[in-house]
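Both backbone and side-chain heavy atoms feed into the values below; hydrogens, waters and symmetry mates do not. All of these numbers come straight from a predicted model, not from anything done at the bench.
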Amino acid sequence: TATLVYMQKQQFYIAHVGDSRAVIAVEEDGKLRAEDLCDDHKPDLPEERKRIEKMGGHVSLPAEVGLSARVWLDKENTMIGLGMSRSIGDYAVKPVGVVPEPDVGQYDITSDHKFMILASDGVWEFICSQEAVDLVNEKINLGADVACEYLIHQAAERWYEEEGDYRDDITAMIIILPI
């Protein structure tokens, strides 16, 4: 997956593929609100599912709450089960509609924007966008690096509580705004 930010003067652009995410902290009435800047590319989103099924892929709905839908090569759901509908480099599922094409958005930076979080799905698995903003805000006065380490540590703890020794990749970056 990839979530990229390009900033130029008072604008920024987000290009996004997969289930990494960019979130911006917006100050409103003295409180911070998390605003997702991109949507996770999940196979059960109507447009994503339509493309995959048109290409001959199969989408299974989540087996239980907390799990994700998956893209499969076969109807029996035995050959590759990818939990996202867009990715870079998953060539085995490209023939069934898993594409590397990003969604791209353009935004203006305002004085209400305080910081941005870019993170991989390992952060977002057990921490929602608002909680991530709240966690980062607890430490942002100590610098972006400290706030980022704190977020990563919290994500790792959640993985340990939920999955034991197993965990997904946990990568994050904090950008303090305005720059």
Side-chain angles (χ1 to χ4, degrees), residues 1-5 7 12-49 59-71 81-88 102-110 112-177:
T1 72
T3 300
L4 308 167
V5 176
M7 296 181 145
F12 64 94
Y13 302 83
I14 302 276
H16 165 72
V17 173
D19 55 3
S20 298
R21 187 180 313 151
V23 175
I24 197 163
V26 182
E27 186 173 25
E28 291 179 344
D29 301 321
K31 295 182 180 182
L32 290 182
R33 175 182 57 82
E35 182 179 318
D36 291 345
L37 297 172
C38 51
D39 294 319
D40 297 354
H41 289 128
K42 297 296 185 183
D44 53 343
L45 293 172
E47 286 300 311
E48 300 294 298
R49 183 175 188 155
V59 175
S60 67
L61 297 178
E64 59 185 74
V65 175
L67 297 179
S68 63
R70 302 192 83 69
V71 175
L82 185 64
M84 59 188 152
S85 57
R86 297 187 192 200
S87 71
I88 298 170
D103 283 331
V104 179
Q106 176 184 350
Y107 305 88
D108 292 325
I109 298 172
T110 72
D112 295 333
H113 295 147
K114 300 307 174 189
F115 57 83
M116 189 182 306
I117 303 169
L118 282 77
S120 65
D121 62 319
V123 171
W124 306 119
E125 184 71 24
F126 301 112
I127 297 175
C128 70
S129 298
Q130 184 62 53
E131 185 181 9
V133 163
D134 295 341
L135 289 167
V136 168
N137 192 47
E138 287 179 33
K139 303 292 183 183
I140 199 71
N141 63 324
L142 301 173
D145 56 340
V146 173
C148 190
E149 287 179 27
Y150 183 63
L151 177 62
I152 289 169
H153 178 74
Q154 293 297 314
E157 281 187 5
R158 304 288 173 86
W159 273 95
Y160 186 76
E161 290 168 7
E162 296 292 329
E163 301 289 340
D165 290 334
Y166 174 79
R167 72 177 186 199
D168 204 347
D169 60 292
I170 300 174
T171 305
M173 178 187 303
I174 309 298
I175 302 167
I176 297 175
L177 300 168

Kindly compute the distance separating [atom1] ([X]) from [atom2] ([Y]), expressed to the nearest 0.5 Å.
| X | Y | atom1 | atom2 | result |
| --- | --- | --- | --- | --- |
| S68 | D19 | OG | CG | 8.0 Å |
| M116 | E35 | CE | CD | 10.0 Å |
| L118 | C38 | CG | SG | 7.5 Å |
| M173 | F115 | CE | CZ | 15.0 Å |

Got [X] and [Y] here, is their nearest side-chain heavy-atom distance under 4.5 Å?
| X | Y | answer |
| --- | --- | --- |
| R21 | H16 | no |
| Q154 | E138 | no |
| Y160 | D165 | yes |
| R86 | D103 | yes |
| I117 | W124 | yes |
| S85 | L45 | no |

Side chains of E149 and H153 only: does a donor on one sit below 3.5 Å from an acceptor on the other?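 Absent: no donor and acceptor within the cut-off.
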Under the criterion side-chain contact (heavy atoms from CB on, under 4.5 Å), I'd like the reasoning laid out for L177 against I24: C-alpha separation, chi angles, the key distance, then a yes or no. CA-CA 9 Å; L177 300 168; I24 197 163; 3.6 Å; yes
Are R49 and L61 close enough, and set up right, to give a side-chain contact (heavy atoms from CB on, under 4.5 Å), and what steps lead you there? CA-CA 10 Å; R49 183 175 188 155; L61 297 178; 3.5 Å; yes
What are the two closest heavy atoms between I127 and A132, and how far apart are they? CG2-N, 3.6 Å
Could you tell me which non-hydrogen atom of A155 sits nearest to which non-hydrogen atom of G122, and how far apart they are?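 Minimum heavy-atom contact is CB-O, 4.1 Å.
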Step-by-step side-chain contact (heavy atoms from CB on, under 4.5 Å) determination, D169 to D121: CA-CA 7 Å; D169 60 292; D121 62 319; 3.3 Å; yes
Specify whether F12 and Y107 have parallel, tilted or perpendicular ring planes, treating 30° as the upper limit for parallel and 60° as the lower limit for perpendicular. parallel
I'd like to know whether CG of D112 has more than 12 heavy-atom contacts from other residues, nucleotides or ligands below 6.0 angstrom. yes
